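Some notes on the structure that comes next.
No experiment lies behind these values; they were computed from the predicted model shown. Chain letters run A, B, ... following the sequence lines, proteins first, then strands; residues in each count from 1.
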Amino acid sequence: MHWADVVADKLLESGTEHVISSGITPSGPIHLGSMREILTADAIVRAVNDKGGNAKLIYVADNADPLRKVYPFLDEKKFKEYVGRPLAEIPAPDGNGSYDQYFLKPFFKSLENVGVIPEVVDNYQFYKDGKYNDCTKTIIDNREKARNILEKISGRQLPKNWFPWTFKDENGKLCNGKFLRYEWPNVYFENEEGKEIVNNLEKGEGKLPWRLDWPSKWKILGVTFEAFGKDHATKGGSFDTGKRIVKDILESKVPHHIVYEWINLKGKGAMHSSTGLAISADEMLQMAPPEVIRWLIMQPQPNRHVDFDPGLGLLNSVDRYDRIENEYYDNNLEENSSRAFELSQIKEIPNKKAQTIPYRHLVTLSQSKESADEIEKTLMRTGDISELNKTEKDKLESRVKCIEGWISNHAPESVKFEIQEKPPSINFSKEDLKRIEELKEQMGNINWSPEKIHDSFYELQEKYNTPAKEYFRIMYLTILGKERGPRLGFFLATIEQKFVVERLNSY
RNA sequence: GGGCCUGUAGCUCAGCUAGGUAGAGCGUCCGGCUUUUAACCGGACGGCCAAGGGUUCGAAUCCCUUCAGGCCCGCCA
């Protein structure tokens, strides 16, 4: 059984209503690794709903968290003063709006593109609106118990006058002040300068520290399931302490969970926004079809790491996905693969197989044609497809866009080419010139189909006792200005016969 | 030091939740398609399921131990 269904079954044992939670701190571009978290959660939501339950997906934007440091992608001068302040209160890097929204907006757009539409929780606003009041109060009332749990389970020592609140200084920065006294809803502390500051706990002046904030969210939102990264899952980590806090102090339920592994960039290691070694969700969508992105997450077990190769490997991933799609409709898949395919669909599962064009072929066409429209016409002319319906058209269009993005940012040189508008000036040898004459005649007189074109080179090989390779080389040189290129039969068939003959005639 | 995960064919992995004759794709080799680029079709080769022990009529699957690899582990998230 697919992992999402295994979890769904377990969840449904305790009821039909479920809240699946996911979240991230929007401190930088939100990357593909973070997308795994929410796609994993989304899979569970779909699985529960498919089995007749009623699950909703909640996305918590942890924008009450402070900016930890000036990240490499930030302007040092401008952002130095904001370190320590809640992300929701900092201006965006481009000056428009707030910092958190600057990163969240494109991420939500990306999520929409992969078919995920969560209910968004603005954590900062939650604090402001007093949503945390009850939990905060309960924790404060039981702060010795809380301290006990944290110290015992995490094995760290808390200061003598520990108070379960991250204070907010008068300059707006979150800080570790010295706790003085407390009287709901106010807490008084001494800041570094020795000044007494008051925070109103009901108004979001400061926040709960993460290890208390997380279990509080479970209770406030009624979370029944959460997928989280293995950094939280370590012994004595925030999940371990969170479990006890929510059970013993908040008297609420511990959510079910799974731990997911990181996504590595092939040959480079785990993605981290802080090191800059990351592909943002946005960027990802500009080079890979959304259903393939989903499939990369749905196919493997969540606890296995995924190696993502934005180079040639991406083509393999798309090919594999397309093959799975075909086999799905041929009813030829094992249960897990079949389910992974279903969970990879952006919208509902189409009940008919769509016409698919081999992705590698599209990579060629995208570089020789101006638009998706032209590509479609060409494919119809070469007999690769019959007329496309609306869905197929959209798919073609979006895939062409992905390929264009991929070609310009990630593709290796070996697959790139450009049709030369003017005949490249090349010093052909005498023999080459003779072959060009032979080609002129051949190209002008054959049926312009991929197979015929392909065969014709071998006819020349027979006729003139010259390796077909030589003819290939010449064709690439005259049209692309380089010695290699895409499979010639298919490629030439996609451009005008007239153009090819004229090109040869100019030598 | 503590913890989690992983170890199955040359490579990438499925199978383990529920024990019942070891699977797929890719690669390799052979054959076919009048044959370039990571093309297509058919077939073959290929595994003491990391090692050892236990439970069982029966273990890749459950339990214990060992080894190897990856990652996580102040605060913050």
Figure out the [atom1]/[atom2] separation between [X] and [N], and round it to whole Å.
X	N	atom1	atom2	value
Asp455(A)	rU36(B)	CG	P	11 Å
His361(A)	rC40(B)	NE2	C1'	15 Å
Arg339(A)	rA14(B)	CZ	P	19 Å
Leu296(A)	rC13(B)	CG	P	13 Å
Lys207(A)	rC75(B)	NZ	C1'	12 Å
Phe490(A)	rA39(B)	CZ	P	12 Å
Ile324(A)	rA14(B)	CD1	P	13 Å
Asp231(A)	rC75(B)	CG	P	12 Å

Separation of the [atom1] atoms in [N] and [M], to the nearest angstrom:
N	M	atom1	answer
rG46(B)	rA22(B)	P	16 Å
rG74(B)	rG2(B)	C1'	14 Å
rG42(B)	rG27(B)	P	14 Å
rG15(B)	rG32(B)	P	39 Å
rC49(B)	rC13(B)	C1'	13 Å
rC63(B)	rG7(B)	P	14 Å
rA9(B)	rA60(B)	P	15 Å
rU55(B)	rU65(B)	C1'	15 Å

Is [X] touching bases, backbone alone, or none of the nucleic acid, heavy atoms closer than 4.0 Å?
X	value
Leu315(A)	nothing
Arg320(A)	nothing
Gly236(A)	nothing
Pro209(A)	sugar-phosphate
Glu483(A)	nothing
Arg68(A)	base

Checking Lys217(A) against Asp213(A) for the salt bridge (Lys or Arg N to Asp or Glu O under 4.0 Å) test, could you report, in this order, the C-alpha distance in whole Å, the side-chain angles of both residues, the deciding distance, and whether it holds? CA-CA 6 Å; Lys217(A) 276 175 200 157; Asp213(A) 172 291; 2.8 Å; yes

Looking only at side-chain atoms of [X], point me to the closest of [options].
X	options	answer
Leu312(A)	rC72(B), rA38(B), rA14(B)	rA38(B)
Asn336(A)	rA38(B), rA14(B), rC75(B)	rA14(B)
His454(A)	rU36(B), rG25(B), rA77(B)	rU36(B)
Tyr458(A)	rG25(B), rU36(B), rC72(B)	rU36(B)
Ser238(A)	rA77(B), rG15(B), rC76(B)	rA77(B)
Asn316(A)	rA38(B), rC71(B), rA77(B)	rA38(B)
Gln461(A)	rU35(B), rA77(B), rA14(B)	rU35(B)

Might you work through the salt bridge (Lys or Arg N to Asp or Glu O under 4.0 Å) test for Asp42(A) and Arg46(A), ending with a clear yes or no? CA-CA 6 Å; Asp42(A) 185 61; Arg46(A) 290 195 189 186; 3.3 Å; yes

Pair [X] + [Y]: basic N to acidic O under 4.0 Å:
X	Y	value
Arg244(A)	Asp240(A)	no
Lys173(A)	Glu81(A)	no
Arg435(A)	Asp432(A)	yes

Report the distance from atom CD1 of Ile140(A) to atom CZ of Phe163(A), rounding to the nearest 0.5 Å.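 These two atoms lie 3.5 Å from each other.
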
Roughly how far, to the nearest 0.5 Å, is the OG atom of Ser238(A) from the NE2 atom of His232(A)?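 His232(A) NE2 to Ser238(A) OG: 5.0 Å, rounded to 0.5 Å.
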
Output yes when at least one side-chain N/O atom of Arg156(A) is less than 4.0 Å from OP1 or OP2 of rC75(B), else no.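 So the side-chain polar atoms of Arg156(A) do come within 4.0 Å of the phosphate oxygens OP1 or OP2 of rC75(B), strictly under.
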
Does Gln157(A) put a side-chain nitrogen or oxygen below 4.0 Å from OP1 or OP2 of rG74(B)?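 No, no such contact exists.
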
Phe103(A)-Phe107(A) aromatic ring centre distance below 6.0 Å: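 No, the ring of Phe103(A) stays outside the 6.0 Å limit from the ring of Phe107(A), centre to centre.
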
So that I can compare with my own list, what are the stems of RNA chain B, taken as at least three consecutive Watson-Crick or G-U pairs with distances under 3.5 Å?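 The stems are B:1-7 with B:67-73, B:10-13 with B:23-26, B:28-32 with B:40-44, B:50-54 with B:62-66.
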
Has the side chain of Tyr471(A) got a donor or acceptor atom sitting under 3.5 Å from an opposite partner on the base of rU36(B)?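 Donor-acceptor pair under 3.5 Å: no.
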
Start at the 5' end of RNA chain B and walk down; is the nucleotide closest to Arg360(A) or to Ser154(A) reached first?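 It is Arg360(A) whose nearest nucleotide is closer to the 5' end.
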
Pick the closest RNA chain B nucleotide for Val6(A) and for Leu208(A) by heavy atoms, then say which residue is nearer the 5' end.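 Result of the comparison: Val6(A).
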
Where the side chain of Ser34(A) meets the backbone of Ile30(A), is there a donor-acceptor pair that is under 3.5 Å apart?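 Here the side-chain-to-backbone pair does not exist.
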
Intermediate values then yes/no, salt bridge (Lys or Arg N to Asp or Glu O under 4.0 Å), Arg339(A) and Asp50(A): CA-CA 12 Å; Arg339(A) 189 64 175 137; Asp50(A) 286 350; 3.0 Å; yes

Could you walk me through whether Glu291(A) and Tyr321(A) pass the side-chain hydrogen bond (donor to acceptor under 3.5 Å, both in side chains) test, one step at a time? CA-CA 8 Å; Glu291(A) 64 276 13; Tyr321(A) 173 85; 5.2 Å; no

With the sugar-phosphate defined as primed atoms, P, OP1 and OP2, and the base as all remaining atoms, what B/S/- string results for nucleotides 1-7 of chain B, 5' to 3', for protein heavy atoms under 4.0 Å? -BS-SSS

Identify whether NZ of Lys or CZ of Arg in Lys178(A) sits under 6.0 Å from the centre of the six-membered ring of Phe189(A) and within 45° of that ring's axis.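 Not flagged: Lys178(A) not positioned over aromatic ring of Phe189(A).
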
